[in-house]
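Working notes, structure below.
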Amino acid sequence: MVFQLLWGGNVLKSFDTDTVFDVNAIVSHVLFTVLFDEVRYVHTIAELQSVERAAKGKADIVLGHVQVLGLPEHRALMETAFVYGVKYQFVLTTGGPVLTNMGVEDISSLTAGLWFLHCKGASQSQHSDPCPHTALRRALTTLHIYTFLQLMEAPLVVRSQSEASVEPSEVNMVHSHLQVPLLFLFSQPHTVALDRVTAQTLAWRLRGQVGLVLIHRESPDVKIPLEYNAAYRLPGEGSEVKYLILNNLEEVIDLFRDESTPEEEEDDDNWATLDVLDDEVAESVYRDRGQSLDMDAVTELTADIFHSAVAESDYTVVLFYVKWDAVSMAFMQSYIEVSESLEDADVSDVELAVLDCGEWTDVCSAQKISFFPTVRLYRPQEPSQPYQGMLGTESLNRFIMLSRLVSPVLLSSPDEVTSFLKGDLYQRHAAIAPVTVLGLFSSTADAGVSVFKEAAKALRGETMVGLFADRQAEIWAVEYSVTLPAILVSRGPTGQTEAHSLNLSMPDQLVTHIQRALLDTFPELTVENLPLYLELKKQLLVLFVGEEERGRKENRVLEDMRSLLNTGLINPYLPCWIHLGRTPAGKAVLEAYLGFLPLLPALVVSQLATGGEVFHYPTGRPLMVQPILQWLQRVEDGEEPPTGVIVDEKWMPSMPFYDFLSVMDQEVPGYASQRSAKTKTSRIERAEGEKSSSGERQARAGAHNPQGSPTTKPPQTPHHHSEL
Amino acid sequence: MDSPILLLLALLIALIQCFPDDYHSHNSTRHHDYCVLGAGPAGLQMGHFLSKSQRDYIILERNSGPGSFFNIYPRHRKLISINKIYTGRRNREFNLRHDWNSLLSDRPDLLLQRVSRELYPDADSFPRYLSMYVKELGLKVQYGVDIGKIRASESESPRGRGYILTDQRGLDYTCRVLLVSTGLWDPQKVQFEGSDLVEGYESIPVDPEEYKDQAVLILGKGNSAFETAQSILGRASRIHLYSPSPVRLAWQTHYVGDLRAVNNELLDTYQLKSLDGLVEGGLEDIAIVRNGEDEKKRSGRKKKCRSSGKEKRGKLFLTLSELLDSSDGRNSSKVTATNLPVYHNDNFSLRQPYDRVIRCLGFRFNFSIFDGSARPPSSEGARGRLPGVTAWYEGRGTPDLFVLGTAAHSRDYRSSAGGFIHGFRYTVRAVHRVLELRYHSNSWPAIKLSISQLQSWLLRRVNEASGPYQMFGVLGDIILLRGSHCEYLEEFPLQALPQFSSLSGHQLSKHGLLVLVLQYGLNRTDSLGPGRAESEWTRAWRSNFLHPVLYYYDKLPTERDMRHRPVGWPLPRPKAVHHMIEDFLTEWDGPISHSQPLRRFLEHCLHTDLRAFYAESCFRFSLTNQKPPLFCRQGYLRKHGVVRNSQLWQHAHDAGLMPGGQDSASPDTDPSFPDYLTRAGTSVSSAINLDF
């Protein structure tokens, strides 16, 4: 079983039942997803209708209206959406025709409202009919909404038929817990059918306010005075059952209309204090707040020791951070791990240090830190080197290990070159960075050598770079049929080695050139390397490979793809693959592309950079060169229907902001308004604290009155003038 | 004799105009780009900035050392500016929030605490500190130059007019820009009948013994009045403070120029009815009379017993000028009973005679040295005691003449700290930035930031910046929004916002701007009463204490907008405003109360999602959206994504999928689902209502 959250037809998130086995898990997952895009905003009746159509037979809709965003009602609504987003379709409107549609007469007076649209039970065939709805008739608070939604879930009419011995005073159902009044109707055996209809009608009218129970009189244990046909019980411990004679429906409805309005207003706020972080990084760091970081593993620098510390070690890596930056604090954990792992690996020439820019602000200003977190490598007598890789343990570790190697490594003999390319020369490094680059020059006198050295310096920490400048370099030039100068890119002992002629220009151009050469022609896309390949701005021809596919089958499929590559006919594409086991995020991508999880392996064209359409290679068709090429041709010719689109939506704020201005305008009218030209002068004077007018001064002059209070003195005393 | 000098001058000016960058060679002829008048704290502060930017400047000082005001004042030798040397923090910028005496410099140890460790240092330590400041920064100060006359140079030129300063020896100094930091030296006096019988704060004896058993009337209710009262509290028999307005307490008004608690012991003795008191009344229509003959019968004998040398002095009475009979009324010999208020009003508060009447009414700017052509007008505020200046502290009607320091306080009189060292050290810096643009085309320093960094940067400023903290409501940081990046300018004078581009050299883009200001709140509640502090962030706009406020404008406010700004606001009504809830510890770094509401506000202004995402999420967004969220674009897609903790990742893999409930201690357990939220519905996380 799979839970899916749908939005605009796209699967945003799906999770297996075994990951949502308990309420906490469901709530935690849903809450976040909901914040993304689960709440829909509608402005017109047509928009609402389309939401209704989509929901019919599937889910009920909770329609909320708040006139002003940011008020407690809005918050209560959003909080409910966090909790119930998966169960109901939440729709928000800010007024207008939609409200009229819900039967609101005076739109402007309604500041907030909530309706439950019973779409789940509605038939899909009745396309245009609106779903029946129930309005929440109380203030929008989390508690009220919660109660209301519970009531919506409760059966419309509870029948006590089966439970023989039921007295109204003993009836105990969800409504009692929810502090909702109960209405009992007593049915006669011969009027059962009719009573049911009455009960139904009444229940619809009172839905959300009152629980309705149909009790059968025939049961011998039920001792209800015969003259009554109805009874009700108000919420609260030990409240009595009141019997009455029901003549018409309106009577009953009026009864509850009066009873249900004046209720607990004082405990509104207890529920409305939920401030949920909707930033996954901030939230995860916040949740970790109980855990104190083991800062012993790193050196905490101060302004006093910064310069001496970075001069002391051969390599000092410094993490510049501020405590209030969640990304810094999330990365701090990985950083400490790297430090520990370096210690375990007995790497003694590298010092990992941190510097709190919130405290040592001078150092950070002097170091021109304008990005948090920033990681830099300091070496004595060298300019510091920024770390520009992923903020994760593996990347950083690789950077540090590679940085300890001189770049370029100067190779002196053909044997060394061979062992360098095989990765034997620096085995420990080759293990973490199998791809190496070797520059081949015919002589050290070559002008390009210095450019290459510059480029190699810039690549330090990123890739292992070797340099062989000797006449014997010709051996490889011949072997790979390139002309010198050239670079060889070796992809480790099992991988291939490719050769590229060098077009030597400026060091930074050469750096880009080498970086491009390092890219795989048929890469496995991972979370870490995707940005490198997206830079190529090509359409992606992605093969999604399942997690259980290992070994031979996987290899065979990949081999087929490789041979496709060798045809040279798929240049506009970047052929690549994603292993859903190693890169679980790929699953969500695939679902977003197709709307479902297809059989694997699945081949997909993703026009990420162009047009934004997605095409799925038909399941079942063999993944072989010819059929694929034909299919690609059809895609290009526009003969294949796209199976999905890559949305091109602006990332608007996930939540509305708290509009202080409108709150001010509401609570203290005029406080936040520009003053008019007329009031200007007098107010400015007051604002600047001036005691200007002589009249005022004179009035005070006589008031030689230290007590200042007129009550302590006879009224005539303050003014001496009058007594003269 | 005169004409050759004039000729030379004219020639010089001509030369300067031709070779603008060449005239330091003419220093010997006393021409400078910048003349700073007065080597007090403001002058020296400006000196530092001019020296740092290697400008041709001279500081002219009439006395033989810097800060000579402090050789005399405060008379009772205790500075009331806070010198808090232990803050528990090592952040230099933050610590300046609690160091009100030091000047700004690049040297971390050039602070007053090197001279004094006292919270309220001895006044002598301040000139000593200034001398050290001059010496260590090598500032060019010329002592013993007493400028008696300042006039604008007649020759109009495209580069501005320039000023000519004449000293006591008749020597002229010419300068292109004149920076007046002369402070306030002239005691503020009020003329009334008998005002010659009044002693001034500037000359009263400071030995309390001189006041033994004397009744003293002090005119004024400011810090100098209370300082005087406090020093004689143990000796004087009765101290009355008299002035038009009631006492304003600095801790209530948040204005440090109002009565500081350091000096307010008299409030205690007043309220506990121990013979001292405060009285409100106008100053212009009172009169002080000495009773000549009457004195003998009432207190003459007593007086002769005294050891002090004032046996000749008669008692002084406070009366109203209208009670005196025409012109001869004030002659001491002619004072009659009907001339005194008590005759008409038997319980008149100030009916008892005084031994001394002391004027403690503060100081005023010395306008007299300015020739008409160079004289800034009197300020509209501050009872006209100060020169009127523009929002960028240029004299009104005196281009190229700027007023610095205490004399420039008319801009924020009784509202902020611009009249005090801890405030004007920042306005001086702002003025220097204006000068750098206007005369040297160096625009206001700005830091370029990625938009994804803006929130962190704002929090950084909010948590440490001393300029906006001290100059609340007056100086604010300006953030120019430019799409995916922004430019951050620090401490711009808010009232000059309509002239922003011409003063800063930065242009606005269509994305608009943010202004970060620190300000006190509505202040309508009892400062010590219940409900004085807010803790719920949604009520931040009702914060009473100093708290950060962000204003968002889509275009620059005009002068008209500025004039019509809401009452009590530093800025006009913006498109959107965000108040960050006041914080008891002034640490604005709470994820729920501070960061997230701020982020939502920024998101609103920037129309974009500013949340941070882990690399995994960015991976997904990058493949499923043509344009992933900003954070992913500025981080992940630049190969700088945030990878989640690998140990927890590994742990989760080993254990199979481990949703949050099982292992609540380490939320980051499940790799495929970042540990989002489990707090829904059940627990309540905020609203810890601390009482301050």
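Heavy atoms only: backbone and side chains are in, while hydrogens, waters and symmetry mates are out. Here is the naming used below: chain letters follow the sequence lines, and residue numbers restart at 1 for every chain.
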Look at the side chain of Trp651(A) and the backbone N and O of Phe631(B), then say whether any donor-acceptor pair between them is shorter than 3.5 Å.
no

Okay, Ser622(B) and chain A: the region with an atom under 4.5 Å from a heavy atom over there is both

Side chain of His604(B), backbone of Phe657(A): donor and acceptor closer than 3.5 Å?
no

Can you check whether Arg565(B)'s main-chain N or O pairs, donor with acceptor, with Arg675(A)'s side chain at less than 3.5 Å?
yes

For Phe94(B), enumerate each residue passing the ring-ring contact (aromatic ring centres under 6.0 Å, His included) test, keeping only those at least two apart in sequence or located in another chain.
His98(B)

So which residue, Leu608(A), Asp325(A), Asp356(A), ends up with the most heavy-atom pairs under 4.5 Å with chain B?
Leu608(A)

Indicate yes or no for a side-chain donor-acceptor contact from Arg573(B) to the backbone of Ala672(A) under 3.5 Å, with no hydrogens or angles considered.
yes

Side chain, backbone, both or neither: which part of Leu459(B) has a heavy atom under 4.5 Å from chain A?
both

Asn625(B), part contacting chain A, at a heavy-atom distance under 4.5 Å:
both

What part of Leu623(B) gets closer than 4.5 Å to chain A, counting heavy atoms only: side chain, backbone, both or neither?
both

Going by atom types only, do Arg600(B) and Ser654(A) share a side-chain donor-acceptor pair under 3.5 Å?
no

Examine whether an atom of Arg542(B) lies under 4.5 Å from a heavy atom of chain A, and if so say whether it belongs to the side chain, the backbone or both; otherwise answer neither.
side chain

Verify the distance criterion only: is there a donor paired with an acceptor across the side chains of Thr361(A) and Glu93(B) at less than 3.5 Å?
no

Quick check against the 3.5 Å criterion: does Glu280(A) have a side-chain atom that pairs as donor or acceptor with the backbone of Tyr614(B)?
yes

Is the side chain of Asn91(B) donor-acceptor paired with the backbone N or O of Trp360(A) at a distance under 3.5 Å, no angle test?
no

